[in-house]
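Step one of this worksheet: look at the structure below.
None of the values given here were measured: they were computed from a predicted structure. Every number for a ligand or one of its atoms is a count from 1 in the order of the listing.
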Amino acid sequence: MPGERILVLGGTAEARALAKALAGQGFAVVNSLAGVTSAPLLPEGAVRIGGFGGAEGLAHYLRDEAIALVCDATHPFAARISRNAVEGAAIARVPLVRLERPAWIPGGDDQWTDVPDLAAAAAVIAPGARVFLTTGRKELDAFRSRGDIAVVVRVIERPDPPPPDSWTLIAARPPFTFAAERALLQRERIDVVVSKNAGGRREKLDAAASLGLPVVMVRRPVKPYAPVAATVEEMVALARAAL
Ligand code: NAP
């Protein structure tokens with residue numbers, strides 16, 4: 001019903017698109033951000049920032065704020081908040097739906113090594129390789145001890161703690177074009193790309209494939225069951241049906 005309060009757990013471009021779509025249908029959208037980015041792109045509707053204090057904290061919030069529906073539109077690798085969301089919504093007896101972009105699947109020219117986590121990704125890199133690391137600024141630790149490889153890391157914000165002095169740091173916010181990605185891989189003389197299987201735009205992967213470069217692809221964490229939509233349009237329909 002229009003006017004009902006919907007909590008969108010965000011921090012992604014899809015969450016911003018979802019907030020806009022739900023607000024456009026007359027719902028009262030409250031967006032929740034973790035507070036990990038210093039200058040986040042703000043979505044439409046009300047915005048609250050910071051953790052809830054686990055599943056119990058979220059359940060209290062849902063009751064106190066009379067939330068009618070939780071839309072989990074967090075990143076596919078944000079496993080803890082999605083787990084808390086399923087638990088917290090169950091405790092508060094509020095329906096929950098999830099927006100999850102489909103994982104990338106390898107195509108004809110892709111040369112991927114599928115690994116379960118970042119430690120495994122760091123372990124499969126050959127000594128002496130020049131690596132393009134695009135896993136996010138909080139997930140560099142597994143690579144810090146690899147003094148035998150050259151790392152070019154791309155982040156939106158400066159990592160804390162800072163990366164080793166020998167690393168090349170590129171600060172940039174997506175999206176990136178295929179031509180720019182290809183030029184970067186060539187300019188930096190990259191041998192191998194490391195990526196989380198985030199899904200969405202695949203210019204980076206297409207550029208690697210076009211240059212015959214291998215990609216070490218980190219598998220997604222498993223999230224607990226929730227009704228899932230793959231697009232904002234599907235999610236709006238799912239949300240309406242859940243209310
Ligand atoms: P996480 O490990 O799943 O969550 C860690 C804790 O941060 C949660 O337990 C929760 O604290 C708090 N939290 C996370 N997302 C929140 C949200 N939207 N609203 C309120 N609290 C939130 O999450 P993460 O991987 O650190 O990601 C943090 C944020 O960055 C998420 O919003 C995610 O969508 C976004 N993001 C993540 C990635 C990635 O690769 N992980 C990439 C792009 C964007 P409490 O337990 O105290 O509630």
Side-chain angles (χ1 to χ4, degrees), residues 5-19 22 29-65 67 69-92 94 96-101 103-104 115-119 121 133-143 153-160 171-176 194-201 204 216-224 226 228 232 235:
R5 284 164 71 73
I6 297 183
L7 177 68
V8 175
L9 300 172
T12 59
E14 288 91 333
R16 290 190 293 277
L18 177 65
L22 291 171
V29 179
V30 183
N31 298 278
S32 177
L33 303 177
V36 291
T37 313
S38 59
L41 298 175
L42 291 179
E44 213 165 291
V47 177
R48 65 158 305 281
I49 294 182
F52 296 96
E56 288 284 350
L58 176 59
H60 281 295
Y61 177 89
L62 297 176
R63 288 200 193 106
D64 292 350
E65 296 293 325
I67 300 292
L69 174 72
V70 180
C71 290
D72 177 3
T74 58
H75 191 271
F77 279 76
R80 185 135 56 101
I81 185 67
S82 291
R83 208 166 49 236
N84 290 350
V86 167
E87 271 178 46
I91 295 168
V94 172
L96 172 134
V97 288
R98 184 182 299 145
L99 175 58
E100 192 169 85
R101 53 178 109 138
W104 289 313
V115 293
D117 53 34
L118 285 141
L133 194 53
T134 63
T135 52
R137 77 191 147 105
K138 291 191 295 171
E139 281 159 316
L140 308 179
D141 286 351
F143 293 84
V153 60
R154 181 165 65 199
V155 286
I156 296 175
E157 280 191 35
R158 289 203 150 265
D160 182 20
R173 196 187 276 271
F176 309 105
V194 178
S195 175
K196 296 196 284 198
N197 194 334
R201 298 177 62 126
K204 166 182 69 183
V216 177
M217 187 63 78
V218 181
R219 227 171 283 155
R220 291 179 172 197
V222 177
K223 295 191 174 191
V228 169
V232 168
M235 183 70 166

Sorted by chain and residue number, the salt bridge (charged side-chain N to carboxylate O under 4.0 Å, His left out) partners of R5 (sequence neighbours excluded) come out as E65
Is there a polar contact, in the sense of an N or O pair closer than 3.5 Å, between L9 and ligand 1? no
of all protein heavy atoms, closest to atom 38 (C) of ligand 1 is H75 CG, 3.3 Å
Ligand 1 atoms nearer than 4.0 angstrom to some heavy atom of G54 are 45 (P), 46 (O), 47 (O), 48 (O)
In this structure, does ligand 1 have an atom that sits under 4.0 Å from one of the heavy atoms of R48?
yes
All heavy atoms of P43 vs all of R16, minimum pair found to be CB-CG, 3.9 Å
So CG of L96 and CG of L69: to nearest 0.5 Å the spacing works out to 7.5 Å
Atom 11 (O) of ligand 1 has as its nearest protein heavy atom G51 CA, 3.6 Å
Going by heavy atoms, is G50 under 4.0 Å from ligand 1?
yes
Residues A92 and A59: closest non-hydrogen pair is CB-O, 3.8 Å
For K138, the ligand 1 atoms with a heavy-atom partner under 4.0 Å come out as 24 (P), 26 (O)
Problem - Under 3.5 Å: N/O of R80 near N/O of ligand 1 - result: yes
- Item | Polar proximity ligand 1 side, T74 side, N/O cut 3.5 Å exclusive | no
Ranked by distance from atom 7 (O) of ligand 1, the top protein heavy atom is A34 CB, 4.5 Å
Can you check whether E139 has an N/O within less than 3.5 Å of an N/O in ligand 1? no
for atom 19 (N) of ligand 1, nearest protein heavy atom and its distance come out as S32 OG, 2.7 Å
Of all protein heavy atoms, the one nearest atom 47 (O) of ligand 1 is G53 N, 2.9 Å
Residues passing the salt bridge (charged side-chain N to carboxylate O under 4.0 Å, His left out) test with R101, sequence neighbours excluded, are E14
Output yes when the distance from some N or O of ligand 1 to some N or O of V36 is under 3.5 Å, and no in every other case.
no
Closest to atom 31 (C) of ligand 1 among protein heavy atoms sits G10 O, 3.8 Å
Below 3.5 angstrom, do we get any N/O pair linking N84 and ligand 1?
yes
Looking only at protein heavy atoms, what sits closest to atom 27 (O) of ligand 1 is A78 CB, 3.9 Å
If you scan protein heavy atoms around atom 44 (C) of ligand 1, the nearest is G11 O, 3.3 Å
Exactly one candidate in V153, V194, V155 meets side-chain contact (heavy atoms from CB on, under 4.5 Å) with T135; the answer is V194
*Before signing off on this row, confirm whether T135 and ligand 1 have an N or O atom pair separated by under 3.5 Å.*
no
Heavy-atom proximity to atom 8 (C) of ligand 1, picking from I49, I81, I156, points to I81
In terms of heavy-atom contacts, R98 and P224 come closest through NH2-O, 2.8 Å
Please confirm whether L58 comes under 4.0 Å of ligand 1, counting heavy atoms of the residue only. no
Does R63 CZ have over 12 foreign heavy atoms under 6.0 Å away? yes
